[in-house]
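Reviewing the structure listed below.
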Amino acid sequence: MKRWLVIPLLFSSTFCLFSEEKVNEAKKFINEAEERLEKKWIEAERINWIYQTYITYDTSLIASNVNEELSNLTMALIKDSTKFTNVIKDPVTDRKFKLLQVSVNLATPSDSSKSSRLAKVATEMESIYSTGKACVDGKCYSLDEAIKILADSKDYKLALKLWKGWRDAVGPKIKPLYSEYVSLSNQGAREIGFADVGELWRSRFDMPSERFLEVVDALWQEVKPLYESLHCYVRGRLSDYYGDDLVPKSGYIPAHILGNMWAQDWSNIYQIIAPPEFRRKMVSIKESLNKKGVDEKGMVKYAENFFVSLGFEPLPDSFWERSMFKRPRDREVVCHASAWNIDMKDDLRIKMCISITDEDFKVIHHELGHNFYQRAYKDQPPLFRAGAHTGFHEAIGDTIVLSITPSYLKEIGLIEDIPEGWDLPFLLQLALEKVVFLPFGYLIDKWRWEVFSGKISEEKFNERWWELRKELQGIAPPVERTEKDFDPGAKYHIPANVPYIRYFLAHILQFQFHKALCDLAGFKGPLHECSIYKSRKAGEKFIEMMQKGASAPWMDTLAVLTGAREMSAKPLLIYFSPLKKWLDSENKKYGYKCGW
Ligand code: X8Z
Ligand code: ZN
């Protein structure tokens with residue numbers, strides 16, 4: 001017998017239906033959906049692993065096929081799920097429905113020719129990016145080779161050739177595909193009730209999409225003064241190094257001389273911009289690794305050891321057998337670093353083309369953060385096997401990176417002596433990585449949100465990209481750019497369809513996590529001196545937070561570790577406060593006029 005209870009919602013014309021039978025139907029639906037999705041996810045992960053570690057015509061084809069199948073299945077389930085919208089469910093079931101409705105990665109349209117085209121376009125863009133070569137004076141380099149040369153190059157002209165070579169190699173080829181991708185995936189997003197793909201992406205943060213925009217912008221406004229002080233100092237020092245004609249003391253910094261292909265991390269130019277007494281006090285992980293003869297796998301062991309010291313279980317043997325640590329010599333692969341959990345249980349792997357550098361030592365910790373998170377939430381139901389939000393996922397390993405202090409490096413025997421007065425040199429180096437990243441982390445999706453919403457048309461893709469690069473980062477292209485160029489396409493996450501605001505949020509969150517963990521570890525003193533290495537107390541709470549996965553709104557999960565329910569830039573600002581003071585006094589001393 002049916003028992004209906006109809007509750008008219010206050011301020012709403014919709015009616016909510018509550019009957020045991022309806023609720024059970026909803027539960028059955030979502031449990032079956034999870035089962036089917038899990039099966040397809042695992043199949044897709046396996047095929048994508050093969051494709052990404054061996055790019056050929058055939059592997060691209062089967063990858064695009066399975067990705068299409070997964071997208072089509074997810075889209076169909078999302079559409080079906082709407083029949084339970086007005087059913088009042090228990091909190092767990094309700095959350096599962098909510099997560100399902102925003103879970104599609106590539107929103108394929110229902111028209112099958114369009115969905116298969118979209119899946120092909122997506123794979124094609126990633127392949128073009130991953131197999132692209134930057135050619136300079138007749139010699140061609142893979143992206144990781146070009147990155148390495150650019151990191152060490154202080155030669156303005158060579159850096160320019162590499163910078164342009166990489167963009168020429170991939171941008172124009174990707175541009176027409178990107179336009180197609182925008183149009184097709186927007187069609188898919190509309191079919192499931194979103195205005196466009198940007199709105200779908202922004203709806204994954206447990207708050208209305210408009211509120212999310214405000215939260216992000218408020219965080220950026222809070223950290224902007226710190227970025228401006230750093231920009232000012234770096235521009236002045238670069239101008240002294242290269243001369244006023246190449247780097248004027250006002251306006252934008254040329255984007256190619258910052259030691260990084262995308263100017264998202266400037267730590268490689270430390271040796272040019274830091275005062276001489278700072279340079280002597282710098283700790284070089286690369287030097288220590290080379291001195292000790294540590295290889296790629298050895299670097300990963302160091303990272304694993306840190307997590308184990310906190311109480312995480314060591315990685316399984318299969319991790320060491322199945323991961324890809326080096327660029328293979330005989331085939332094309334997707335070198336952009338990633339972490340996988342192929343069976344959603346224990347088949348953890350990373351895929352990286354590791355260089356023995358300080359940067360990659362940190363990226364390895366970043367990737368293992370993903371793996372340890374995946375394992376921590378593996379016993380949750382499939383829809384909850386994800387980060388509290390994607391920014392959490394990106395922040396775990398980076399939080400550990402903040403504990404790679406000189407005293408930690410000494411404790412594990414990587415360095416012998418801690419240089420006297422290491423604090424400011426260390427903070428400057430880290431700010432070139434973490435603070436510099438903030439406007440970059442924001443602008444990538446600021447640009448994409450505008451593209452998806454139609455605010456920027458295809459004729460203005462590159463123009464708007466550089467407007468944002470100028471406005472937010474204070475950098476400019478070193479040569480004229482036109483709409484024949486497609487510079488956004490030269491950054492992995494754009495052709496690879498990976499949302500980027502997660503990294504901006506992670507750069508805020510990791511300082512919040514670090515502060516909370518240091519408190520738990522009983523650390524007293526300046527935040528940048530704290531390492532949580534070997535602190536079981538910190539580890540316990542960290543694991544407790546990670547085990548929750550996506551089972552609760554991220555505010556609840558954040559509170560588990562930090563006691564706070566909002567993302568806050570305060571810990572980051574506190575962390576860098578000694579540096580901010582120093583930068584402002586240096587800028588004054590040199591008489592630099594800040595801003596652009
Ligand atoms: O893509 C990554 C990771 C994989 S999730 C290596 N990151 C962003 C990037 O490289 O642009 C980490 C920091 C930002
Ligand atoms: Zn990551």
Side-chain angles (χ1 to χ4, degrees), residues 45 48-49 52 105 126 129-130 143-144 146-148 150-151 166 170 255 258-268 296 299-300 303 307 323-325 327 333-341 348-355 357-375 386-402 430 432-448 469 472-473 487-511 513 546 572:
E45 283 295 280
N48 279 304
W49 175 268
Q52 293 207 7
N105 230 359
E126 190 173 25
Y129 183 95
S130 300
L143 177 59
D144 42 315
I147 286 173
K148 247 188 274 178
L150 204 59
W166 173 243
V170 295
L258 292 155
N260 176 279
M261 190 55 94
W262 307 276
Q264 68 182 69
D265 172 344
W266 304 350
S267 54
N268 288 319
E296 294 81 359
M299 288 165 78
V300 185
F307 283 92
S323 288
M324 184 191 99
F325 300 121
R327 174 185 271 281
V333 298
V334 176
C335 260
H336 190 88
S338 53
W340 303 59
N341 186 2
L348 303 164
R349 308 175 192 182
I350 61 168
K351 177 188 62 60
M352 250 184 105
C353 301
I354 299 177
S355 301
T357 60
D358 290 47
E359 198 175 328
D360 273 3
F361 190 68
K362 295 180 179 181
V363 176
I364 291 167
H365 288 73
H366 174 95
E367 295 308 330
L368 288 200
H370 288 306
N371 280 151
F372 283 104
Y373 203 176
Q374 287 160 344
R375 193 164 59 180
H389 68 51
T390 45
F392 279 62
H393 230 301
E394 300 302 337
I396 302 293
D398 282 14
T399 302
I400 302 300
V401 169
L402 296 181
L430 199 74
L432 290 170
E433 190 185 320
K434 302 290 181 189
V435 179
V436 156
F437 183 81
L438 293 162
F440 183 79
Y442 186 19
L443 77 84
I444 300 264
D445 278 356
K446 216 170 160 42
W447 179 84
R448 267 193 295 201
R469 293 272 264 173
L472 279 100
Q473 283 188 284
D487 295 325
K491 175 68 198 165
Y492 174 74
H493 304 69
I494 291 186
N497 183 41
V498 182
Y500 209 80
I501 202 66
R502 58 184 63 181
Y503 301 107
F504 173 80
L505 300 176
H507 276 68
I508 303 284
L509 275 174
Q510 61 193 257
F511 290 91
F513 292 170
M546 287 159 70
L572 182 151

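Remember, it's 1-based here, ligands and their atoms both numbered in the order they're listed. In what follows, residues are counted from 1 in the order of the sequence shown.
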Test your reading of the model: is there a side-chain donor-acceptor pair from [X] to the backbone of [Y], 3.5 Å cut-off?
| X | Y | result |
| --- | --- | --- |
| Asp360 | Ile354 | no |
| Trp340 | Ser323 | no |
| Glu367 | Met352 | no |

Under 2.8 Å from the Zn ion (ligand 2), which protein N/O/S atoms are there?
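Protein N, O or S atoms closer than 2.8 Å to the Zn ion (ligand 2): His366 NE2, His370 NE2, Glu394 OE1.
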Using a cut-off of under 3.5 Å, which N/O atoms of ligand 1 pair up with protein N/O atoms, and what distance separates each pair?
| residue | atom | partner | partner atom | Å |
| --- | --- | --- | --- | --- |
| ligand 1 | 1 (O) | His336 | NE2 | 2.6 |
| ligand 1 | 1 (O) | His493 | NE2 | 2.8 |
| ligand 1 | 1 (O) | Tyr503 | OH | 3.3 |
| ligand 1 | 11 (O) | Gln264 | NE2 | 3.1 |
| ligand 1 | 11 (O) | Lys491 | NZ | 2.7 |
| ligand 1 | 11 (O) | Tyr500 | OH | 2.5 |

Looking at side-chain heavy atoms only, is the closest gap between Trp262 and Tyr492 below 4.5 Å?
no
Establish, yes or no, whether a centroid distance under 6.0 Å links the rings of Tyr129 and His336.
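No, too far apart.
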Centroid separation under 6.0 Å, is that true for the rings of His507 and Tyr503?
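Ring centroids of Tyr503 and His507 are no less than 6.0 Å from each other.
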Which pairs of donor and acceptor atoms, one on a side chain in residues 391-400, lie under 3.5 Å apart (sequence neighbours left out)?
| residue | atom | partner | partner atom | Å |
| --- | --- | --- | --- | --- |
| His393 | ND1 | His370 | ND1 | 2.9 |
| His393 | NE2 | Tyr377 | OH | 2.7 |
| Glu394 | OE1 | His366 | NE2 | 2.9 |
| Glu394 | OE1 | His370 | NE2 | 3.0 |
| Asp398 | OD1 | His366 | ND1 | 2.8 |
| Asp398 | OD2 | Gln510 | NE2 | 3.1 |
| Thr399 | OG1 | Ala395 | O | 2.6 |

Roughly how far apart are Ile508 CD1 and Leu438 CG, rounded to 0.5 Å?
5.5 Å
Could you list the residues that satisfy side chain to side chain contact (heavy atoms under 4.5 Å, CB included) with Asp487, not counting sequence neighbours?
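Asp487 satisfies side chain to side chain contact (heavy atoms under 4.5 Å, CB included) with Arg167, Asn462, Trp465, Trp466, Arg481, Asp485 only.
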